[in-house]
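Just so you know, ligand 1 is whichever comes first in the structure, and atom 1 is the first atom listed for that ligand.
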Amino acid sequence: MKNIVFIGFMATGKTSVAKKVAEILRKKYVSTDKMIIEKSGKSIPKIFEENGESFFRKIEKEVVREVSNMCDTVIDCGGGVVLDKDNVKVLKENGIIFLLQATPETIFQRSLKEKGIRPLLGTNYSIKNIEELLSKRTPYYLEAADYVIDTTDKGVEEVANKVIEIIGGKIEYYNKKE
Ligand code: S3P
C-alpha cells in the first residue's frame, strides 16, 4: 500500500490528522520535523538560529528521501517540504498526497498556542505575515497535491475520516485539485 502523505502550511492540522489516520488505520506514523530534530540533536528554532534555514532544508531533503522509501506509512511533512521539486517527486512516487488548508485567521489562532516553535513565523507574527507567506506557498502546495481538504472549522476526527474515505475510494473525486 502507498504512503499517505500530508503537506500544507504550518498549523493546518497535519500532525494531528496524520496521527489520527495512523491510529485508526493502524499504520506507522513518521514526522519529517521530528526526524530532523533527532538527526541534528537540536530543536527546529535552534537549527535555524545556529545553522540557518539552508542547513535545515538540507537535512529535510535527506529525511524526505528516507521516508519516501518507506511503505504503508503515514508521513507528516513540515510546511516547507514542497518548496523543493525533488522532495515532491520522491514523495509522489510512493504516496498519495493530501494537502490540508485553513484560513490565515485559523492558522494564526492555532499557531498562537505553540508560539516560538516555528521560526518562519517569528515571535511577533500577524495574520498579515501569514497571508503573505501563504500566498507565496500556495502554488507549490496545489501543484504537489492529489487531494485538498480544508480543515477550517473541522475537527481532527472529521478530517481523518474524510482522508480514509478518499483512500477507500468511497469519495472518488472529493475536492481533487479544487
Ligand atoms: C516550516 C514548517 C515547520 C518546520 C519548519 C519550517 C515551513 O513545520 O518544518 O519550522 O517552512 O513551513 P510545520 O508545518 O509542521 O509547522
Any donor-acceptor N or O pair under 3.5 Å, side chains T151, R110: yes

Shortest protein contact, atom 14 (O) of ligand 1 (heavy atom only): K14 NZ, 2.5 Å

Qualifying salt bridge (Lys or Arg N to Asp or Glu O under 4.0 Å) pairs, either residue in residues 68-82, two or more places apart: K27-D72

Protein heavy atom at shortest distance from atom 5 (C) of ligand 1: F56 CZ, 3.8 Å

Atom 12 (O) of ligand 1: nearest protein contact (heavy atom, Å): R137 NH1, 2.9 Å

N or O contact, G79 vs ligand 1, cut-off under 3.5 Å: yes

L120: numbered ligand 1 atoms lying under 4.0 Å from its heavy atoms: 7 (C), 11 (O)

Criterion side chain to side chain donor-acceptor pair (under 3.5 Å) on D150 and T152, from CA distance to verdict: CA-CA 6 Å; D150 197 304; T152 307; 2.8 Å; yes

Ligand 1 contacted by R57 (non-hydrogen, < 4.0 Å): yes

For atom 16 (O) of ligand 1, the protein heavy atom that lies nearest, with its residue and separation: R118 NE, 2.6 Å

Distance-only side-chain donor-acceptor flag, T103 / T106, under 3.5 Å: yes

Common cluster, I24/Y29, ILVMFWY with side-chain heavy-atom separation under 4.5 Å: no

E53 touching ligand 1 at heavy-atom level, < 4.0 angstrom: no

Atom 3 (C) of ligand 1 - nearest protein heavy atom and its distance: D33 OD2, 3.6 Å

Protein contact to atom 7 (C) of ligand 1 [nearest heavy atom, distance to 0.1 Å]: G80 N, 3.3 Å

Atoms in ligand 1 with a heavy atom of P119 nearer than 4.0 Å: 10 (O)

Criterion side chain to side chain donor-acceptor pair (under 3.5 Å) on N51 and K46, from CA distance to verdict: CA-CA 8 Å; N51 312 93; K46 264 266 170 298; over 6 Å; no

Evaluation steps, salt bridge (charged side-chain N to carboxylate O under 4.0 Å, His left out), between K136 and E132: CA-CA 6 Å; K136 276 190 211 147; E132 274 173 21; 5.8 Å; no

Exceeds 12 heavy-atom contacts within 6.0 angstrom, atom NZ of K28: no

